[in-house]
Each structure stands twice: as C-alpha cells, then as structure tokens.
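Take a look at the structure set out below.
In what follows, every heavy atom counts, from backbone to side chain, and hydrogens, waters and symmetry copies are set aside. If you're wondering where the values come from, they're calculated on a predicted model, not measured in any experiment.
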Amino acid sequence: MRALSAILTALALLASGSAAAAPQVVVSIKPLHSLVAGVTEGVSEPELLLSAGDSPHTYAMRPSEARAVRNADLIVHISPHMEAFLERALDARGDPESVLVAADIHGIRLLGGRDGEAWDKHGHGHDHGAEDAHRTDYHIWLDPQNAQQITAAVAERLAELDPEHADTYRDNAEAQKQRLSALEAELSERLEPVRGRPYVVFHDAYQYFERRFGLQAVGAVTIHPEQPPGARHLNELRAQIRELDAVCVFSEPQFQPAIVRSLVRGLDARAGELDPLGAGLEPGPEAYFQLLEQLAEGFLDCLDRDK
C-alpha cells in the first residue's frame with residue numbers, strides 16, 4: 001500500500017509539473033482567444049483580457065490584467081493599432097519576442113480602409129497617427145482564411161515555447177484549420193441569397209467577412225466607434241440609403257443602438273444588429289465558429305426581404 005501511495009504521489013507530481021510547464025498565454029479579444037484556445041486544448045487554457053461587451057477601441061485595463069500581461073509567457077493580440085490599451089503593459093515587459101502580433105503573421109490578408117463620404121474620406125484606422133496604419137483595417141479575424149493563418153502561427157510559436165506538447169498543438173491546429181475550411185464553405189452557401197443587397201454597418205469592421213462572402217456594404221454610421229457621427233454624415237447616409245434602396249442598417253451591442261433607430265426612421269430600411277466580437281458568447285474553442293455563424297444569421301435575418 002505504501003508503495004502504491006508513493007507511485008500515485010510521484011504521478012501527481014509529474015502531472016502538476018507538466019501542467020506548470022505549459023506556457024501562460026494571454027489573449028486580447030474573444031475571437032482571437034477562441035482560436036488560441038483551440039490550439040491549446042488539452043494542454044492549458046489561455047487568459048482572455050476583453051470579455052462581455054467590452055470594445056478594444058475604448059477599453060482600459062485593470063491592474064490585475066496588466067499583471068497578467070507582465071507575467072505571461074506569450075501575449076497574442078491583433079495589432080498595437082487595434083488594442084492601444086495594451087501598449088503601456090507591453091512596453092513595461094520590454095520583451096517583443098514574447099508577443100505574437102496577428103496582423104504581422106506571414107500570409108495574413110490585410111485590407112485598407114474604405115474611402116468615400118459614406119465611409120471616411122480620410123481613410124479608416126485606429127492609431128490616430130502613422131499614415132500606413134491609418135490606411136489599414138485590422139478586423140482581420142473576420143476572414144476565416146486569416147483565422148487559419150493565425151491558428152498555424154500560434155501552434156508553431158507554442159511548439160517552440162513548449163516542445164513537450166508540440167505534437168498536441170500542431171494536431172489541434174490542423175483539426176481547427178479543417179473546421180475553418182468547412183465553415184467557410186457552409187457560410188458561402190448560406191449567404192448566397194443575399195449577396196449584392198446594399199446595407200449600412202455601424203462602423204467599418206466587416207469588410208474581411210464581406211469580401212470573403214460577397215456581401216455589399218455601402219457605408220458606415222460612424223467613422224470611429226468611440227466618436228458619435230455628425231449631423232452632416234448622418235444626412236449623407238440617409239440620402240444614400242434612399243438612393244441605393246439599402247435593405248438594412250446595423251447596430252452593434254457594444255454601442256448604443258439609438259443612432260441606428262433614428263437613422264432608419266421614416267425609411268424602408270430595417271434595423272439589425274451585428275457583433276464583430278461575440279459579446280454574448282462563452283469564451284473557448286467554439287466561440288470563433290459561433291461568432292461567424294452568428295454574423296451570417298444577422299445578415300440573413302435583416303437582408304432577406306422574404307423574412
């Protein structure tokens with residue numbers, strides 16, 4: 001009995017040592033966290049910074065979250081121009097090798113901000129500074145092919161940090177990439193009936209999804225989600241909605257929908273809702289897939305005139 005107890009104790013110590021050796025991973029936003037969680041499944045659970053209805057455009061980190069960033073073995077986020085709230089904590093670390101910037105991953109498709117009075121005649125961006133970043137749209141996770149690139153890069157970085165579990169990371173990544181490919185095919189078929197129907201989004205966050213699936217946005221309610229739109233911009237949008245017979249104007253759960261309700265008042269356009277972050281979804285490996293399915297349903301519910 002004593003020998004059995006010693007063996008069980010040794011096994012427990014080995015198990016706890018293996019778990020302790022797994023890298024501590026911190027991820028900024030829920031869709032990205034979901035992709036990372038799919039890779040680490042069976043080894044560890046990454047920590048999510050933004051949850052519920054938080055927006056990376058307006059977020060301020062709590063001290064406990066700043067400590068988590070300082071202590072992490074790997075931090076995964078989209079770009080300094082998307083999650084500006086991370087800048088101070090990352091500067092305090094002084095270790096850029098421990099940060100994986102999704103927008104910099106080889107093979108990621110980057111799109112520029114859209115021009116025009118209905119979007120932003122000065123371009124779209126989130127850095128409020130450098131011109132090159134100002135011209136880039138960083139909502140890259142909404143393209144499932146970008147999600148495949150992120151999945152592969154996360155697996156390779158974790159395999160380097162944690163060779164003991166390298167095979168698990170790579171096997172998880174391969175399975176997730178296959179699921180993402182199947183999801184893309186499924187959504188492409190489901191969204192085919194509403195391709196080409198014009199609509200207005202709350203802010204210009206969806207063109208990765210739109211271009212992948214052939215959808216046709218014609219403008220945005222607000223240029224920057226943290227800044228309310230001006231009367232001139234809203235009047236231009238109302239005129240464009242009438243002229244193009246736009247089917248729908250979408251709000252987002254992270255921001256007040258009153259502007260959208262006011263915009264469609266007296267028009268034929270419907271008010272709908274899209275969520276680029278998955279505010280109501282449970283964090284974890286399934287959240288990314290649920291997010292894209294939820295987006296597809298949001299478009300279909302509002303754009304399908306037969307509903």
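Separation of atoms CG (L35) and CD1 (I29) is listed at 9.5 Å; rounding is to 0.5 Å. The line from CG of L187 to CD of E189 is 10.0 Å long, rounded to the nearest 0.5 Å. One distance of note links CG of L277 with NE2 of H33; it measures 14.0 Å at 0.5 Å rounding. The distance from the CD atom of E156 to the CD1 atom of I105 is 11.5 Å, given to the nearest 0.5 Å. Note that CD of E282 and CD of Q290 are 9.0 Å apart. Values are rounded to the nearest 0.5 Å. Taking OG1 of T151 as the start and NZ of K177 as the end, the distance is 8.0 Å to the nearest 0.5 Å.
Listed for the E47 side chain is no donor-acceptor partner under 3.5 Å among the backbone atoms of Q24. Under the 3.5 Å distance criterion, the side-chain polar atoms of Q149 are left unmatched by any main-chain donor or acceptor of A102. N172 contributes a side-chain N or O that, together with a main-chain N or O of E41, makes up a donor-acceptor pair within less than 3.5 Å. Here the side chain of R261 pairs no donor or acceptor atom with the backbone of A271 at under 3.5 angstrom. A distance-only check finds no donor-acceptor pair linking the side chain of Q207 to the backbone of L111 [under 3.5 Å]. For the pair R212 (side chain) and S188 (backbone), a donor-acceptor distance under 3.5 Å is absent. In this structure, K30 contributes its side chain and L281 its backbone to a donor-acceptor pair below 3.5 Å.
Counting heavy atoms from C-beta on, the side chains of S28 and L86 come closer than 4.5 Å. The closest side-chain heavy-atom distance from L183 to E293 is below 4.5 Å. Counting heavy atoms from C-beta on, the side chains of Y288 and I150 never come closer than 4.5 Å. The closest side-chain heavy-atom distance from V249 to L237 is not below 4.5 Å. Side-chain contact check for H81 versus T136: every heavy-atom pair is 4.5 Å or farther apart. Side-chain atoms of L49 and M61, non-hydrogen and from C-beta on, do get closer than 4.5 Å to each other. Using a 4.5 Å heavy-atom threshold, the side chains of F202 and P276 count as separate. Considering only heavy atoms from C-beta on, P193 stays 4.5 Å or farther from D304 through its side chain.
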- Query: Hey, mind stepping through D162 and Y169 against side-chain hydrogen bond (donor to acceptor under 3.5 Å, both in side chains) and telling me if it holds?
  - Reply: CA-CA 9 Å; D162 183 17; Y169 297 136; 2.7 Å; yes
- Check against side chain to side chain contact (heavy atoms under 4.5 Å, CB included), T168 and T40: CA-CA 8 Å; T168 301; T40 64; over 6 Å; no
- Query: Can Q145 and E184 be said to form a side chain to side chain contact (heavy atoms under 4.5 Å, CB included), step by step?
  - Reply: CA-CA 8 Å; Q145 291 191 20; E184 179 183 343; 3.0 Å; yes
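Each of R197, R195, R114 was checked for a salt bridge (Lys or Arg N to Asp or Glu O under 4.0 Å) with E210, and the lone residue meeting it is R114.
Taking all atoms of both residues into account, the shortest heavy-atom contact from N146 to I140 is ND2-O, 3.1 Å. Across V43 and A22, no two heavy atoms sit closer than the pair CG1-CB, 3.9 Å. Between Q294 and G278, the shortest heavy-atom distance links the atoms NE2-CA, 4.5 Å. Of all the heavy atoms in V27 and V25, the pair that sits closest is CG2-CG1, 4.1 Å. Residues L263 and L267 share a closest heavy-atom pair of O-CD1, 3.3 Å. Of all heavy-atom pairs between D95 and S98, the closest is O-OG, 2.8 Å.
Take Y199 and apply the ring pair (Phe, Tyr, Trp, His ring centres under 6.0 Å) test, not counting sequence neighbours, and it matches F250, F299. Listed by chain and number, the residues in a side chain to side chain contact (heavy atoms under 4.5 Å, CB included) with R179 are E286, F289 (sequence neighbours excluded).
Using a cutoff of 4.0 Å between basic side-chain nitrogens and carboxylate oxygens, E236 and R232 are scored as salt-bridged.
A 6.0 Å sphere centred on CD of E87 holds no more than 12 heavy atoms belonging to other residues, nucleotides or ligands. The local environment of CG in D268 is sparse, with at most 12 non-hydrogen atoms from other residues, nucleotides or ligands closer than 6.0 Å.
The list of side-chain hydrogen bond (donor to acceptor under 3.5 Å, both in side chains) pairs with a residue in residues 65-75, not counting sequence neighbours, reads Y59-E65, R62-E65.
Taking the six-membered ring where tryptophan is involved, the planes of Y206 and H203 are perpendicular, since the angle between them exceeds 60° and thus also 30°.
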